[in-house]
Amino acid sequence: MRFRPCIDLHGGKVKQIVGGTLSDDGGSSLVTNFEAEEPPAYFAGLYKNEDLRGGHVIMLGPGNDGAAVEALGAWPGGMHVGGGINPGNAQKFLDAGASHVIVTSYVFSGGMIKWERLDELLSAVKKNRLVLDLSCRLVDGDYVVATDRWQKLTKEKLSPPLFNRLSGYCDEFLVHAADVEGLKGGVDAKLVSLLADISPITCTYAGGVRGLGDMDLIDRLGGGRVDATVGSSLDIFGGTLPFADVVRWHRARNS
């Protein structure tokens with residue numbers, strides 16, 4: 001299991017936001033845990049110095065392209081990038097230094113996966129440089145894929161057939177537990193276990209990590225097959241969990 005660092009961008013700045021409060025109009029419901037004074041490149045540099053690969057830069061809404069390119073340039077080949085990625089702009093971010101592009105909303109329309117759009121993506125981005133974001137919400141006992149900053153529920157439920165078919169299109173999956181994202185209230189253990197059971201390829205879980213105990217829990221429930229992101233809880237983002245401790249935890253398992 002690996003620690004995957006993150007840089008979340010909103011309005012061109014590095015922020016940590018409670019995922020469920022994002023909206024298309026950026027309205028008054030938005031809850032921000034942290035806004036950095038440092039530029040995106042500062043955080044990418046931290047990750048580069050520790051050789052933490054495979055983290056993600058997420059553009060939460062418009063106005064973040066420049067900030068994302070800045071972060072990618074500071075750690076070339078070290079991070080993924082997502083948020084509004086499509087066949088028309090994917091190469092721009094790969095050329096800027098992204099190792100992978102992360103796609104979600106583009107492949108959904110009317111709440112369903114549009115397989116022809118996945119084929120389109122593969123004509124623009126090689127499979128080994130594509131990550132599919134299957135971030136979700138719990139609805140009536142099922143985990144349902146949510147798109148557009150996790151505001152729109154689709155008709156797609158996380159299941160073995162879905163993961164098996166989609167794994168033919170991408171190198172990894174990224175799954176935010178949108179209901180607990182940014183709350184620092186603990187991980188969704190049921191979702192972690194599900195991902196370990198149904199994902200045939202590398203999968204990264206994000207949402208709710210409070211401390212190293214939660215990292216241990218993900219490691220155990222995920223059987224070492226599910227990686228994890230930590231955001232708002234880190235001291236570099238205004239939290240109390242030392243970034244240095246998480247790095248040490250990561251190195252102890254990936255020496």
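These values consider heavy atoms only, across backbone and side chains, with no hydrogens, waters or symmetry-generated copies. In this chain, numbering begins with 1 at the start of the sequence shown.
Heavy atoms from other residues, nucleotides or ligands lying under 6.0 Å from CD of Glu116 number more than 12.
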- request: Dump the intermediate steps for salt bridge (charged side-chain N to carboxylate O under 4.0 Å, His left out) on Lys92 and Asp95, then the final yes or no.
  value: CA-CA 5 Å; Lys92 176 181 95 169; Asp95 291 343; over 6 Å; no
*Please step through side-chain contact (heavy atoms from CB on, under 4.5 Å) for the pair Asp235 and Leu241, ending with a clear verdict.*
CA-CA 5 Å; Asp235 58 355; Leu241 175 60; over 6 Å; no
Stepwise, does the side-chain contact (heavy atoms from CB on, under 4.5 Å) test hold for Asp65 with Met59? CA-CA 7 Å; Asp65 284 25; Met59 299 179 285; 3.7 Å; yes
List the steps, then state whether side-chain contact (heavy atoms from CB on, under 4.5 Å) holds for Cys170 with Val131.
CA-CA 6 Å; Cys170 64; Val131 176; 5.9 Å; no
>> Run Phe173 and Leu195 through side-chain contact (heavy atoms from CB on, under 4.5 Å) and show every step you take.
In response: CA-CA 10 Å; Phe173 295 119; Leu195 296 176; over 6 Å; no
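Of the residues listed (Val69, Ile7, Leu72), the one engaging Val81 in a side chain to side chain contact (heavy atoms under 4.5 Å, CB included) is Leu72, and it is the only one.
Here the closest non-hydrogen pair linking Gly231 and Phe237 is O-CD1, 3.2 Å. Between Leu138 and Asp179, the closest heavy-atom pair is N-OD2, 2.9 Å. In this structure, Ser99 and Gly77 approach most closely via the heavy-atom pair CB-O, 3.5 Å. Contact detail for Val57 and Ala71: the closest heavy-atom pair is CG2-CB, 4.2 Å. Minimum interatomic distance between Ile218 and Ala228 (heavy atoms only, all atoms of both residues): CD1-CB, 3.7 Å. Contact record, Glu50 with Phe243: CG-CE2, 4.1 Å, taken as the closest heavy-atom pair.
Considering CD of Glu38 and CZ of Phe43, their distance stands at 4.5 Å, rounded to 0.5 Å. Rounded to the nearest 0.5 Å, atoms CG (Leu234) and SG (Cys6) are 7.0 Å apart. Between atom CG of residue Leu118 and atom CG of residue Leu130 there is a gap of 7.5 Å, rounded to the nearest 0.5 Å. Note: Thr229 OG1 to Arg4 CZ = 7.5 Å, rounded to the nearest 0.5 Å. The CD atom of Glu156 sits 12.0 Å away from the CG atom of Asp142 when rounded to the nearest 0.5 Å. Thr104 OG1 to Ile58 CD1: the interatomic distance, rounded to the nearest 0.5 Å, is 10.0 Å.
Using a 30° and 60° split on the angle between ring planes, His176 and His56 fall in the perpendicular class, above 60°. Ring-plane geometry between Trp115 and Tyr169 is classed as tilted, the angle between the planes lying from 30 to 60 degrees on a 0 to 90 degree scale.
The pair Lys126-Asp171 does not meet the salt-bridge criterion, since no charged nitrogen lies less than 4.0 angstrom from a carboxylate oxygen. With respect to Lys15 and Asp8, no salt bridge is recorded, no charged nitrogen being found less than 4.0 Å from a carboxylate O. The pair Glu120-Lys114 does not count as a salt bridge, with every side-chain nitrogen at least 4.0 angstrom from each carboxylate oxygen. The pair Lys157-Asp140 does not count as a salt bridge, with every side-chain nitrogen at least 4.0 angstrom from each carboxylate oxygen.
The closest side-chain heavy-atom distance from Arg137 to Gln151 is below 4.5 Å. Residues Cys136 and Leu191 have side chains in contact (heavy-atom distance under 4.5 Å, counting atoms from C-beta outward). At a threshold of 4.5 Å between non-hydrogen side-chain atoms, the residues Pro160 and Phe163 do not count as touching. Looking at heavy atoms from C-beta onward, Val247 lies in side-chain contact with Leu52 at the 4.5 angstrom threshold. Inter-residue side-chain proximity for Leu9 and Val14 is flagged as met; some heavy-atom pair is nearer than 4.5 Å. Taking the side chain as every heavy atom from C-beta outward, Leu153 and Val145 never approach each other to under 4.5 Å. Within the 4.5 Å cutoff, the side chain of Glu70 has heavy atoms near those of the Pro39 side chain. Side-chain contact check for Ile85 versus Ile102: every heavy-atom pair is 4.5 Å or farther apart.
Checked by atom type and distance alone, the side chain of Arg2 never pairs as donor or acceptor with a backbone atom of Asn254 at under 3.5 Å. Looking at Asp51, its side chain never comes within 3.5 Å of a backbone N or O of Lys48 through a donor-acceptor pair. The closest donor-acceptor contact from the side chain of Ser193 to the backbone of Ala189 lies under 3.5 Å. A donor-acceptor pair under 3.5 Å links the side-chain atoms of Arg117 to the main chain of Tyr106, judged by distance alone. Not one N or O on the side chain of Asp219 forms a donor-acceptor pair closer than 3.5 Å with the backbone of Met215. Using a distance-only test at 3.5 Å, with no hydrogens or angles considered, a donor-acceptor pair links the side chain of Asn89 to the main chain of Gly84. A donor-acceptor contact shorter than 3.5 Å links the side chain of Ser167 to the backbone of Asn164. Formation of a donor-acceptor pair under 3.5 Å by the Tyr205 side chain with backbone atoms of Gly207 is found in this model.
A cation-pi arrangement, defined by a distance under 6.0 Å to the six-membered ring centre and an angle within 45 degrees of its axis, is present between Arg253 and Trp249. At least one cation-pi condition fails for Arg53 and Trp75: the charged atom is not both under 6.0 angstrom from the six-membered ring centre and inside a 45 degree cone around its axis.
The hydrophobic clustering, which links ILVMFWY residues whose side-chain heavy atoms are closer than 4.5 Å, places Val144 and Leu194 apart. Hydrophobic cluster membership differs between Val101 and Leu60, with clusters built from Ile, Leu, Val, Met, Phe, Trp and Tyr side chains linked at under 4.5 angstrom. Put simply, Leu174 and Val230 are part of two different groups of oily side chains (I, L, V, M, F, W, Y) that touch within less than 4.5 Å, one to the next.
Using a 3.5 Å distance cut-off with no hydrogens or angles, the side chains of Glu172 and Thr202 do not pair a donor with an acceptor. Side chain to side chain, Tyr143 and Asp188 meet the donor-acceptor criterion of an N or O pair below 3.5 Å. Between the side chains of His80 and His100, at least one donor-acceptor pair of N or O atoms lies under 3.5 Å.
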